K.L.:
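Just dropping this structure here.
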Amino acid sequence: LALGRPGDPRTWPAGHARDLARILAGAGWSVVLLSGPAEEPAGRELERELAEVAGIHHWVGQRGLARLASWMEAAAGRGVRYVGSDSGPMHLAWAMGLEVLCLAGPQDPARTGPWPPPGPGSPHRVVTAPFEDEPLSCRPCLARTCGHGRGPVCLTELAPARVAELLLDR
């Protein structure tokens, strides 16, 4: 479960990642929370908050694409799933053979999501926040700052329980 860079509208809130990790660990899953250099402070905070939760592990401040790619390739051989927002690590995950659950925010996952795109024969899935009652006219968007009146709702309104449901149902 990868954390995203703070302030990026494509980033799922760290608190949501914390809640999802708790749900999955409670269901008997082993969870690795992955944070790179930009996410290191959030990774350290989650490491402290989740220290007593069995089944949750942390790779905080991960640096080096070669090391990350090697880890992902080994994880793919063990059937590990990658959960994260549209980011460099998400693209590396699918390239290394991991099954990806992309937490799609403002971007168009058909353009920027995992390859092959989710659908028949693809191991990947995409989940978005439900906006049936209030479709977002600003979505899809590739902006690095959010102009929505309520802030970056594309991912803040994607509930951890919704993501957990998709993972636990498989």
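Throughout, residue positions are numbered sequentially from 1 according to the sequence presented. Everything numeric here is computed off the predicted structure, so don't read it as measured data. Reckoned from all heavy atoms, side chains included, excluding hydrogens, waters and symmetry mates.
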K.L.:
Report yes if the side chains of Leu167 and Trp29 come closer than 4.5 Å at any heavy-atom pair, otherwise no.
P.N.:
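A side-chain contact exists here, since the closest heavy-atom pair is under 4.5 Å.
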
K.L.:
Does CD belonging to Glu73 count more than 12 external heavy atoms closer than 6.0 Å?
P.N.:
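At most 12 heavy atoms, drawn from other residues, nucleotides or ligands, come within 6.0 Å of this atom.
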
K.L.:
Applying side chain to side chain donor-acceptor pair (under 3.5 Å), which residue pairs with at least one partner in residues 17-26 are found, sequence neighbours left out?
P.N.:
Arg18-Glu49

K.L.:
Do the side chains of Leu158 and Val31 join up, straight or via other hydrophobic residues, at under 4.5 Å, putting them in one cluster?
P.N.:
yes

K.L.:
Under a single-linkage rule joining Ile, Leu, Val, Met, Phe, Trp and Tyr whose side-chain heavy atoms are separated by less than 4.5 Å, which residues share a cluster with Trp94?
P.N.:
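Listed partners: Val32, Leu34, Trp59, Leu65, Leu68, Trp71, Met72, Val80, Tyr82, Met90, Leu92, Met96, Leu98, Val100, Trp115.
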
K.L.:
Please give me the minimum heavy-atom distance between Ala25 and Ile56, naming the atom from each residue.
P.N.:
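Reported closest heavy-atom pair: CB-CG1, 3.7 Å.
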
K.L.:
Flag yes if Val53 and Leu168 sit in one hydrophobic cluster, no otherwise; membership is Ile, Leu, Val, Met, Phe, Trp, Tyr, and two members link when side-chain heavy atoms are under 4.5 Å apart.
P.N.:
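Yes, Val53 and Leu168 fall within the same hydrophobic cluster.
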
K.L.:
Testing the basics here: between Ala38 and Pro41, what is the closest heavy-atom pair and its distance to 0.1 Å?
P.N.:
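Smallest heavy-atom distance, with atoms named: O-CD, 4.1 Å.
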
K.L.:
Please report the shortest heavy-atom distance between Ala17 and Leu3, naming the atom on each side.
P.N.:
CB-CD2, 3.6 Å

K.L.:
Measuring from atom CZ of Arg44 to atom OG of Ser35, what distance do you get when rounded to the nearest 0.5 angstrom?
P.N.:
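Here the interatomic distance stands at 7.0 Å.
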
K.L.:
By salt bridge (charged side-chain N to carboxylate O under 4.0 Å, His left out), which residues pair with Arg63, not counting sequence neighbours?
P.N.:
Glu40

K.L.:
Hey, mind stepping through Arg5 and Arg10 against side-chain contact (heavy atoms from CB on, under 4.5 Å) and telling me if it holds?
P.N.:
CA-CA 8 Å; Arg5 188 176 71 233; Arg10 298 170 302 164; 4.0 Å; yes

K.L.:
Nearest 0.5 Å, please: how far is SG in Cys102 from NE2 in His91?
P.N.:
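One finds 7.5 Å between NE2 of His91 and SG of Cys102.
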
K.L.:
Taking side chain as C-beta onward, heavy atoms only, is Pro9 less than 4.5 Å from Leu155?
P.N.:
no

K.L.:
If you take all heavy atoms of Glu39 and Gly4, which pair is closest and at what distance?
P.N.:
CG-O, 3.1 Å

K.L.:
If only atom types and distance count, is the side chain of Thr128 paired as donor or acceptor with the main-chain N or O of Ala104 below 3.5 Å?
P.N.:
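Checking the backbone N and O of Ala104 against the side chain of Thr128, no donor-acceptor pair under 3.5 Å is found.
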
K.L.:
I need the minimum non-hydrogen distance between Ile23 and Ala164, along with the two atoms involved.
P.N.:
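It is CG2-CB, 3.6 Å.
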
K.L.:
Kindly work out whether a path of hydrophobic side-chain contacts (I/L/V/M/F/W/Y, heavy atoms less than 4.5 Å apart) joins Leu103 to Leu24.
P.N.:
yes

K.L.:
Hydrophobic clusters here meaning ILVMFWY residues chained together by side-chain heavy-atom distances under 4.5 Å, can you tell me if Val126 and Leu101 are in one?
P.N.:
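As far as the 4.5 Å side-chain criterion goes, Leu101 and Val126 are not connected within one cluster.
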
K.L.:
Determine, using the 4.5 Å side-chain heavy-atom cutoff (strictly less than), whether Val60 and Leu33 are members of one ILVMFWY cluster.
P.N.:
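No.
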
K.L.:
So do His57 and Ser30 actually touch side chain to side chain, heavy atoms under 4.5 Å?
P.N.:
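Yes; the side chains approach each other to less than 4.5 Å.
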
K.L.:
Evaluate whether atom CZ of Arg67 has more than 12 neighbouring non-hydrogen atoms of other residues, nucleotides or ligands under 6.0 angstrom away.
P.N.:
no

K.L.:
With side-chain contact (heavy atoms from CB on, under 4.5 Å) as the criterion, how do Trp12 and Thr156 come out once you've worked through the C-alpha distance, each side chain's angles and the decisive distance to 0.1 Å?
P.N.:
CA-CA 6 Å; Trp12 204 39; Thr156 59; over 6 Å; no

K.L.:
Do Arg162 and Glu165 sit within salt-bridge range, that is, some charged N less than 4.0 Å from a carboxylate O?
P.N.:
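Salt bridge: no.
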
